[in-house]
Number of protein chains: 2
Amino acid sequence: MSARTRSLTHAHPTEVSLQDALDAVGDPVRRAILRELAGAPDWTRACGTFDLPVTKATRSHHFAVLRAAGLIEQRDEGPRRLNRLRRPEFDRRFPGLLDLILAEPATDQCGSA
Amino acid sequence: MSARTRSLTHAHPTEVSLQDALDAVGDPVRRAILRELAGAPDWTRACGTFDLPVTKATRSHHFAVLRAAGLIEQRDEGPRRLNRLRRPEFDRRFPGLLDLILAEPATDQCGSA
DNA sequence: TGATATGGTCGATGTTTATCGAACACTGTA
DNA sequence: TACAGTGTTCGATAAACATCGACCATATCA
């Protein structure tokens with residue numbers, strides 16, 4: 001993680017388009033991340049601790065998309081990168097959307113195996 | 001329109017997955033259709049009357065996706081195919097989602113030009 | 001019957017994107 | 001310093017999918 005990369009993890013977009021939000025939420029792996037994140041206190045889950053059927057390269061990609069969409073926030077804690085669901089912020093911008101995602105039952109493919 | 005095709009336009013799916021709903025709503029052209037449809041009484045708009053930046057082949061494809069997702073219903077009226085937004089049904093299945101789409105401002109690209 | 005209008009189907013094309021392995025960067029520890 | 005653990009970046013690949021032109025089917029009207 002370079003200094004440049006680290007600074008980007010803290011910055012979250014001021015205004016996210018509906019298109020970006022729907023794209024972010026349109027992937028089942030990313031929805032699994034959101035559900036798993038919603039079930040834990042803030043800043044307790046590192047990226048590598050999620051139960052996902054993809055390699056760490058793909059995993060890193062999905063976290064970047066969620067970050068760009070304003071759905072999560074990240075903070076470096078030693079070698080790991082801890083996550084927080086930006087629930088109130090996202091709810092204010094897109095009321096009801098996150099509730100739909102979190103209400104979705106987890107599949108065999110993505111998480112809760 | 002064959003008899004087979006016509007019967008399919010009336011049938012709408014009993015249970016739509018969140019994935020299908022998000023896919024359907026993830027395209028800007030389809031969101032433009034939904035917004036335009038929401039601004040008119042039921043069964044007053046034929047497929048060809050929508051202001052869309054695509055050819056009729058693509059248009060027909062988008063209407064089929066919306067139908068499969070349970071977002072619209074279609075009925076043949078002579079040579080045209082009239083549409084109805086299945087708003088109460090969709091709202092009951094995915095509360096808040098359609099509201100987000102309809103609240104989105106129309107772009108230059110898709111509709112309300 | 002022919003002409004016109006509406007809409008669907010088919011095959012091809014281009015773009016987007018999810019995915020992976022490999023290499024790299026950083027942190028913490030022995 | 002060396003090593004192990006965590007996460008990102010890069011290049012390549014494959015699968016979806018939005019798009020189009022061309023053709024087909026149906027309905028209405030002259």
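In what follows, chains are A, B, ... by sequence order, proteins preceding strands, each numbered from 1.
- One atom, CZ of B/R59, and another, C1' of D/dA18, lie 14 Å apart when rounded to the nearest Å.
- A/E89 has a carboxylate O that lies under 4.0 Å from a charged side-chain N of A/R84, or vice versa, which qualifies the two as a salt bridge.
- Relative to the side chain of B/S60, the nucleotides C/dG8, D/dT8, C/dA18 differ in distance, and C/dG8 lies closest.
- Across all strands shown, B/A64 has no heavy atoms under 4.0 Å from either base or sugar-phosphate atoms.
- Taking only side-chain nitrogens and oxygens, B/T58 never comes nearer than 4.0 Å to OP1 or OP2 of D/dT19.
- Considering only side-chain atoms of B/H61, the nucleotide from D/dA22, D/dT6, D/dA18 that sits closest is D/dA18.
- Atom CG of B/D23 and atom P of C/dT17 are 13 Å apart (whole Å).
- Here A/E36 pairs with A/R45 in a salt bridge; the nearest charged N to carboxylate O distance falls below 4.0 Å.
- In this structure, the nucleotide among C/dG28, C/dG7, D/dC20 sitting nearest to the side chain of A/P79 is C/dG28.
- If you take CZ of B/R80 and P of C/dG8, they are 14 Å apart, rounded to a whole angstrom.
- With D/dT6, C/dT19, C/dG8 as the choices, the nucleotide that has an atom nearest any side-chain atom of A/V29 turns out to be C/dT19.
- The pair B/D99-B/R87 counts as a salt bridge, with a side-chain nitrogen and a carboxylate oxygen less than 4.0 angstrom apart.
- Of the candidate nucleotides D/dG21, D/dT8, C/dT6, D/dT8 has the atom lying nearest to any side-chain atom of A/R81.
- Remark on DNA chain C: of its neighbouring residues A/E77 and A/A57, the 5'-side contact belongs to A/A57, judged by nearest-heavy-atom nucleotide.
- A/K56 places its NZ atom 11 Å from the C1' atom of D/dT9, with the value rounded to the nearest Å.
- Each of C/dG7, D/dA18, D/dC20 was ranked by its minimum atom distance to the side chain of B/C47; first place goes to C/dG7.
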